[in-house]
Amino acid sequence: NAGVMQNPRHLVRRRGQEARLRCSPMKGHSHVYWYRQLPEEGLKFMVYLQKENIIDESGMPKERFSAEFPKEGPSILRIQQVVRGDSAAYFCASSSGQGRDEQYFGPGTRLTVT
Amino acid sequence: GNSVTQMEGPVTLSEEAFLTINCTYTATGYPSLFWYVQYPGEGLQLLLKATKADDKGSNKGFEATYRKETTSFHLEKGSVQVSDSAVYFCALRKSGGTSYGKLTFGQGTILTVHP
């Protein structure tokens, strides 16, 4: 049973470019959480999605960031016009339900903005 | 709001030494508490958890007890191994309402164990 898959594992973008990060949840999981880990910091919640719905985006920056989880295919975290401060590790986690269900984490995507 | 504070790292120990990593939290109500471990280049793995006061979570020789009176969930291991070298994260989760199960993490503690 494959775990949570994220790709790419490493992504380098120049300032002003777009970054697309993909997350394929574990089989049978329809809930996805995205977290960001800035250097020397813990993980911070960004957004929680269920299939085709954004449930909680209270941790997302108001501009340039968006997320989706379509009916078919992976969840996508999109960062437009990246800046150096976006350099971080982005982790997604999936679960079979919200609340008490365990979240399983992917290996992360390390974004570097040059 | 909810927050988690971990002891400053990094922590460096010799093999077979005793490990304590302190974790305290701020939250209303009765959150669930977790310790996650992150090995180099990998995602976070759940190490142990406790869902109510006085519960003790344990796994792989690690233990942590949910202490509501001191709002703490300190991680302990009696005899560490080189393979325990990793980053350890304390986290809490509120259930119900608009929390939606999202996790609030501490800043992480780097543990290095030398032979």
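Numbered from 1 within each chain, the chains take letters A, B, ... in sequence-line order.
- Neither the backbone nor the side chain of Phe34(B) comes within contact range of chain A, judged by heavy atoms closer than 4.5 Å.
- Interface remark: Gln38(B) contributes side-chain atoms only to the contact with chain A (heavy atom separation under 4.5 Å).
- Other residues, nucleotides and ligands contribute at most 12 non-hydrogen atoms within 6.0 Å of the CE atom of Met5(A).
- No side-chain N or O of Thr104(B) forms a donor-acceptor pair with one of Lys94(B) less than 3.5 Å apart.
- At most 12 non-hydrogen atoms from other residues, nucleotides or ligands lie less than 6.0 angstrom from CD of Glu16(B).
- Neither the backbone nor the side chain of Tyr104(A) comes within less than 4.5 Å of any heavy atom in chain B.
- A salt bridge links Asp86(A) with Arg64(A): the distance from a Lys NZ or Arg NE/NH1/NH2 to an Asp or Glu carboxylate oxygen falls below 4.0 Å.
- Proximity to chain B is absent for every atom of Gln6(A), based on heavy atoms less than 4.5 angstrom apart.
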